[in-house]
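To start, the structure under review is shown below, and the notes come after it.
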Amino acid sequence: EGISIQAGQEEVVDAPGVPTASETSSLERLEKAASGKQRAKTEIEELQALQQLNSQTTLEDANLNAKIRKSFRTDRKDKRLKKQQASKVGWRDGMEWLNSSMEDQILAKEKTYGQARSMEEQRFLKVRKSSIFDHSAKSSSRQRKRRSSNQKS
């Protein structure tokens with residue numbers, strides 16, 4: 001067919017079914033244009049959704065602010081009452097009375113610090129019934145006298 005190849009050049013042969021360079025570039029341009037249109041369409045939809053959300057929130061804005069202010073007012077009122085209760089008990093400034101549940105109150109009544117009240121009552125009952133002239137009292141006083149006399153000698 002008369003194709004001559006000079007030194008340093010390659011022969012380009014068109015294969016059947018393979019697009020040429022000019023056809024490839026036009027397909028790429030069409031694909032880029034289609035993807036660009038799709039991207040622009042999704043961006044427009046996102047912007048419309050954001051605008052709709054913004055309009056809804058601005059309508060509810062006053063209601064939300066009123067709820068927040070109300071919660072802050074009740075919190076401040078509760079805090080003030082807790083501080084007043086604490087000061088009535090004699091606590092220092094800044095200390096707050098804590099809310100307690102029924103379970104906390106029951107546990108506090110069950111908890112004893114030191115000896116139990118019943119044990120103290122039994123001990124005092126023994127003291128009341130015992131005599132100052134009890135045998136154990138005499139023996140203990142004798143033992144003390146012996147120790148003191150032994151220490152002197």
Side-chain angles (χ1 to χ4, degrees), residues 1-132 134 136-137 139-140 143-144 147:
E1 290 189 13
I3 298 176
S4 63
I5 299 175
Q6 295 178 359
Q9 292 182 343
E10 294 182 12
E11 181 182 355
V12 178
V13 180
D14 292 337
V18 176
T20 62
S22 63
E23 289 174 347
T24 304
S25 64
S26 62
L27 285 175
E28 287 176 356
R29 282 185 285 183
L30 284 173
E31 287 177 357
K32 284 182 183 178
S35 66
K37 286 180 183 177
Q38 183 65 30
R39 194 177 314 122
K41 188 176 180 182
T42 56
E43 288 176 356
I44 290 172
E45 289 172 354
E46 288 177 6
L47 287 174
Q48 289 174 343
L50 286 173
Q51 286 175 343
Q52 187 179 15
L53 180 65
N54 188 22
S55 64
Q56 288 175 352
T57 56
T58 54
L59 294 176
E60 297 173 4
D61 213 14
N63 294 336
L64 291 174
N65 284 335
K67 286 180 183 178
I68 291 171
R69 288 192 310 271
K70 184 178 179 181
S71 69
F72 283 145
R73 279 193 300 271
T74 56
D75 289 347
R76 283 194 307 263
K77 186 177 178 181
D78 290 342
K79 190 170 186 171
R80 191 179 324 118
L81 288 173
K82 289 176 184 178
K83 284 186 178 182
Q84 287 174 354
Q85 287 174 337
S87 66
K88 284 180 185 177
V89 176
W91 292 358
R92 287 183 267 149
D93 291 340
M95 296 179 81
E96 294 180 16
W97 192 265
L98 296 177
N99 293 333
S100 63
S101 66
M102 189 59 107
E103 183 181 342
D104 290 340
Q105 292 175 5
I106 292 170
L107 289 173
K109 287 181 181 179
E110 289 177 353
K111 182 70 177 175
T112 57
Y113 297 96
Q115 293 182 349
R117 186 178 180 138
S118 61
M119 291 177 68
E120 288 183 38
E121 289 174 354
Q122 288 175 1
R123 191 182 71 191
F124 288 133
L125 184 63
K126 286 180 184 178
V127 169
R128 282 189 219 119
K129 288 183 178 180
S130 67
S131 169
I132 57 172
D134 191 15
S136 62
S139 63
S140 64
Q143 289 175 0
R144 276 188 252 139
R147 285 185 206 149

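Please read all numbers here as calculations on a predicted model, not as lab measurements. The chain is numbered in sequence order, starting from 1.
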Item to check | Pair listing, ring pair (Phe, Tyr, Trp, His ring centres under 6.0 Å) test, anchored in residues 57-96, at least two apart | outcome: Trp91-Trp97
Item to check | Pairwise side-chain contact, Val89 with Gln85, heavy-atom cut-off 4.5 Å (strictly under) | outcome: no
Checklist entry - Quick one: CG on Leu47 to OG1 on Thr42, what's the gap to the nearest 0.5 Å? => result 9.5 Å
Checklist entry - To the nearest 0.5 Å, what is the distance between CZ (Arg128) and CZ (Arg123)? => result 11.0 Å
Checklist entry - Out of curiosity, Asp75 CG to Arg80 CZ, how far, rounded to the nearest 0.5 Å? => result 11.5 Å
Checklist entry - Could you give all pairs that pass the salt bridge (charged side-chain N to carboxylate O under 4.0 Å, His left out) test and reach residues 93-108, with sequence neighbours left out? => result Lys79-Glu96
Please report, to 0.1 Å, the donor-acceptor pairs under 3.5 Å made by any side chain of residues 32-40, with sequence neighbours excluded.
from	atom 1	to	atom 2	distance (Å)
Ser35	OG	Glu31	O	3.3
Ser35	OG	Lys32	O	3.0

Checklist outcome for this item: Distance col, row Ile44:CD1 vs Lys41:NZ, nearest 0.5 angstrom, shows 9.5 Å
Checklist entry - Atom CD of Gln48 and atom CG of Leu50: how far apart are they, to the nearest 0.5 Å? => result 10.5 Å
